[in-house]
Each structure stands twice: as structure tokens, then as C-alpha cells.
Amino acid sequence: MQGRLEGKVAVITGGAGGIGKAAGKLFAAEGADVLLVDLEQAALDAACDEIGSNRVSSYVADVTRLADNHAMIERAVERYGGVDIFLANAGIEGDVKSIIDYEERRFDEVMAVNVKGSFLGLKAAIPAIEKRGGGSIVMTSSIAGLQGNINFSAYTASKHAVIGLMRSAALECAGKKIRVNTVNPSPVETRMMRSLEEGLAPGAGAAAKQMVLGTIPLGRYAEPEEIAGIMLFLASDESAFVTGSVYEVDGGMRT
């Protein structure tokens with residue numbers, strides 16, 4: 001049987017992180033050629049080694065720079081002939097602090113990566129995907145993009161903004177046969193959650209995790225592969241009539 005992404009080319013930012021790496025592995029297994037993009041070559045090399053597929057390669061780029069976004073898309077075109085799927089997945093968590101204690105510099109950093117990075121990625125990816133006759137863009141938002149969160153102002157604001165970008169892009173790109181959607185995970189078993197747990201309860205991350213688990217009806221964090229599975233659906237032709245949509249993968253948190 002052919003894979004669900006046979007003949008497709010995918011660019012994944014935040015490719016060395018838990019969700020990006022899981023998506024890269026799954027997309028490659030389903031027949032796509034995949035370019036993983038992240039800030040550090042060593043982390044990308046480790047991700048590619050772990051995936052262990054000759055369909056996966058890497059490229060170092062900073063998503064907050066327009067030139068880097070254009071360069072990563074150009075590299076995918078050079079290596080694989082074009083781009084069909086763009087997964088705007090790069091993101092940082094910022095600090096766990098009240099608004100009055102949040103440093104302006106840190107707020108700017110979160111918005112630069114999570115919002116500006118997504119915006120610049122769209123600018124670079126849309127023309128390339130249009131040249132292929134259309135495709136799919138999947139943007140990683142968060143359950144935090146759908147509700148307020150105490151002491152997570154920058155991250156929450158940024159993930160709300162990602163949904164706004166997606167909805168605008170979905171309307172602008174419909175005529176180009178490009179679908180745009182967000183995936184909104186609840187906590188996932190990744191490095192980011194270890195950082196947030198420590199921020200919630202310095203020195204007592206395990207206790208913080210138990211507190212968070214109490215808010216999830218299914219009683220556990222998601223695995224990166226479970227988020228990647230929804231991304232695969234949105235990247236594939238199985239979701240050919242899906243655009244402008246928000247996909248919550250939250251274990252029932254907002255039920």
C-alpha cells in the first residue's frame with residue numbers, strides 16, 4: 001500500500017523537539033520526504049539519527065528571521081523538488097510569571113518565535129506550496145490558545161495569535177488550494193512540560209505534574225506521537241475539505 005503522504009514534501013520547524021521529531025518520523029513512514037528545521041545542528045542530527053530514515057534531512061534556521069524562512073523553503077525545493085506540507089511547529093514556552101513580573105524582553109522573545117516565526121513561515125511557504133498546485137499548512141497552537149491561564153500571559157497570548165494567523169491564512173489561501181489548520185495540544189510528554197512544571201513549582205516538578213494531571217479527564221499527558229497523528233490527518237488528502245479549523249487534542253480538558 002502507498003503511504004498517506006506518498007510523493008509529498010514536508011518542512012517541519014521545531015523539528016528537533018518532541019512533537020516535531022514525532023511528526024517527522026510519522027510523515028516519513030507515510031511516504032513523505034521531510035526537512036526538519038531547528039536552531040542547533042547537534043539537536044537536528046540527534047533527531048535524524050533517532051528517526052533513522054533516508055527520507056529525513058535537516059536544516060539549521062532561525063524562524064524569527066525572514067531570510068532563514070526563505071532559505072529553509074529553498075533548501076527543501078533544492079533537495080526534494082518542492083514543498084507540499086508546512087508544519088509551523090517551532091515554539092518556546094517563556095516564563096511562568098505574573099504579568100507585572102514578566103520581563104518585557106522575555107515577552108518579546110516568546111512573541112518573536114511563536115507568532116512572528118509562524119507569520120514569516122507562512123510568507124515563505126505559501127508561494128512554494130502554491131507552485132505545487134496546493135497542499136496543507138498545519139500550525140501548532142495549544143490548549144492555551146483557547147482559554148486564559150494564570151502566569152502564562154506571553155505563551156497564552158502567542159497561541160491565541162497563532163489561531164488568528166491560521167484563520168486569516170485559511171481564507172487567503174483557499175483560492176490557492178492550500179488548507180490551513182491548527183492543532184491545539186494539552187500538556188505533552190516533552191522537554192517543554194518539564195520546564196513548565198519546574199516553573200509552576202521550583203524544585204517540585206513532580207508535584208506540579210500531579211496537579212496538572214488533575215485537570216485532564218483522561219488522567220495523563222499526551223504522547224508526541226498522538227499529536228503527530230492529528231497532524232498527519234491534516235497534512236494528508238483525507239482532510240481535503242478541512243480548512244480554518246482548530247483541532248483540540250487535550251484529553252478532555254475543555255469538555
Side-chain angles (χ1 to χ4, degrees), residues 3-5 8-38 56 63 69 72-73 76 82-91 113-115 117-130 132 134-146 158-174 176-186 188 190 222-250:
R4 295 156 75 183
L5 300 181
K8 305 292 187 181
V9 178
V11 176
I12 301 175
T13 64
I19 294 173
K21 182 170 57 179
K25 182 176 182 178
L26 183 57
F27 285 17
E30 291 289 343
D33 290 313
V34 178
L35 184 68
L36 298 180
V37 178
D38 218 307
V56 179
V63 298
N69 281 274
M72 72 185 182
I73 297 298
V83 177
D84 305 281
I85 300 158
F86 176 53
L87 177 47
N89 175 68
V113 176
N114 297 1
V115 184
S118 296
F119 169 74
L120 295 179
L122 292 173
K123 284 178 68 69
I126 288 169
I129 298 174
E130 185 180 13
R132 296 274 275 193
S136 176
I137 295 173
V138 183
M139 306 177 71
T140 304
S141 180
S142 168
I143 199 71
L146 298 168
S158 73
K159 292 304 183 178
H160 275 73
V162 168
I163 295 174
L165 274 173
M166 175 274 290
R167 287 178 168 151
S168 293
L171 292 173
E172 291 185 19
C173 291
K176 307 177 191 295
K177 298 183 180 178
I178 301 172
R179 299 176 295 104
V180 192
N181 298 281
T182 63
V183 172
N184 293 60
S186 63
V188 182
T190 61
E223 295 296 331
E225 293 76 14
E226 293 172 310
I227 311 305
I230 300 298
M231 292 171 166
L232 172 62
F233 166 71
L234 292 171
S236 75
D237 292 339
E238 294 172 14
S239 58
F241 201 59
V242 178
T243 195
S245 295
V246 173
Y247 275 73
E248 297 178 47
V249 192
D250 65 358

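When a residue number appears, it is its place in the shown sequence, counting from 1. Only a predicted model underlies this, so the values are computations on that prediction, with no experimental measurement involved. Values below: all heavy atoms of this structure, side chains included; hydrogens, waters and symmetry mates excluded.
Evaluation of the side chain to side chain contact (heavy atoms under 4.5 Å, CB included) rule for Asn184 yields Ser141, Leu146, Ile163, Thr182, Val246 as partners, not counting sequence neighbours. Residues forming a side chain to side chain donor-acceptor pair (under 3.5 Å) with Glu130 (at least two apart in sequence, or on another chain): none. Scanning for salt bridge (charged side-chain N to carboxylate O under 4.0 Å, His left out) contacts around Glu223 gives an empty result, with sequence neighbours left out. With sequence neighbours excluded, no residue forms a salt bridge (charged side-chain N to carboxylate O under 4.0 Å, His left out) with Glu225. For Ser168, there are no side chain to side chain contact (heavy atoms under 4.5 Å, CB included) partners two or more places apart in sequence or in a different chain. Listed by chain and number, the residues in a side chain to side chain donor-acceptor pair (under 3.5 Å) with Ser136 amount to none (sequence neighbours excluded). In this structure Arg167 satisfies the salt bridge (charged side-chain N to carboxylate O under 4.0 Å, His left out) test with no other residue, sequence neighbours excluded. Thr13 meets the side chain to side chain contact (heavy atoms under 4.5 Å, CB included) test with Val37, Val63, Met72, Phe86, Asn89, Ala90; sequence neighbours excluded. Evaluation of the side chain to side chain contact (heavy atoms under 4.5 Å, CB included) rule for Ala28 yields Val34, Ser53, Arg55, Val56 as partners, not counting sequence neighbours.
Using a 4.5 Å cut-off on side-chain heavy atoms (C-beta onward), Ile129 and Lys176 make no contact. The side-chain heavy atoms of Asn181 and Val138, taken from C-beta on, include no pair separated by under 4.5 Å. No side-chain heavy atom of Thr140 sits under 4.5 Å from any side-chain heavy atom of Val183.
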Anything under 3.5 Å between a donor and an acceptor, one on a side chain of residues 230-238, the other on a protein residue two or more places apart or in another chain? List them.
{"from": "Ser236", "atom 1": "OG", "to": "Leu232", "atom 2": "O", "distance (Å)": "3.4"}
{"from": "Ser236", "atom 1": "OG", "to": "Phe233", "atom 2": "O", "distance (Å)": "3.0"}
{"from": "Ser236", "atom 1": "OG", "to": "Glu238", "atom 2": "N", "distance (Å)": "3.2"}
{"from": "Glu238", "atom 1": "OE1", "to": "Arg4", "atom 2": "NH2", "distance (Å)": "2.8"}
{"from": "Glu238", "atom 1": "OE2", "to": "Arg4", "atom 2": "NE", "distance (Å)": "2.9"}

For residues 15-23, which side-chain donor-acceptor pairs fall under 3.5 Å, sequence neighbours excluded?
{"from": "Lys21", "atom 1": "NZ", "to": "Glu50", "atom 2": "OE1", "distance (Å)": "2.9"}

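Of all the heavy atoms in Leu36 and Gly24, the pair that sits closest is CD2-CA, 4.2 Å. Among all heavy-atom pairs drawn from Phe27 and Ala10, the shortest one is CD2-CB, 3.8 Å. Across all non-hydrogen atoms, the minimal contact from Val180 to Thr243 is N-OG1, 2.9 Å.
Evaluation of the side chain to side chain donor-acceptor pair (under 3.5 Å) test over residues 119-128, restricted to residues two or more places apart or in two chains, returns none.
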Discussion item. Let's go through Arg132 and Val83 carefully: what are the C-alpha distance in whole Å and the side-chain angles of both, what is the deciding distance for side-chain contact (heavy atoms from CB on, under 4.5 Å) to 0.1 Å, and is it a yes or a no?
Written reply: CA-CA 7 Å; Arg132 296 274 275 193; Val83 177; 5.7 Å; no

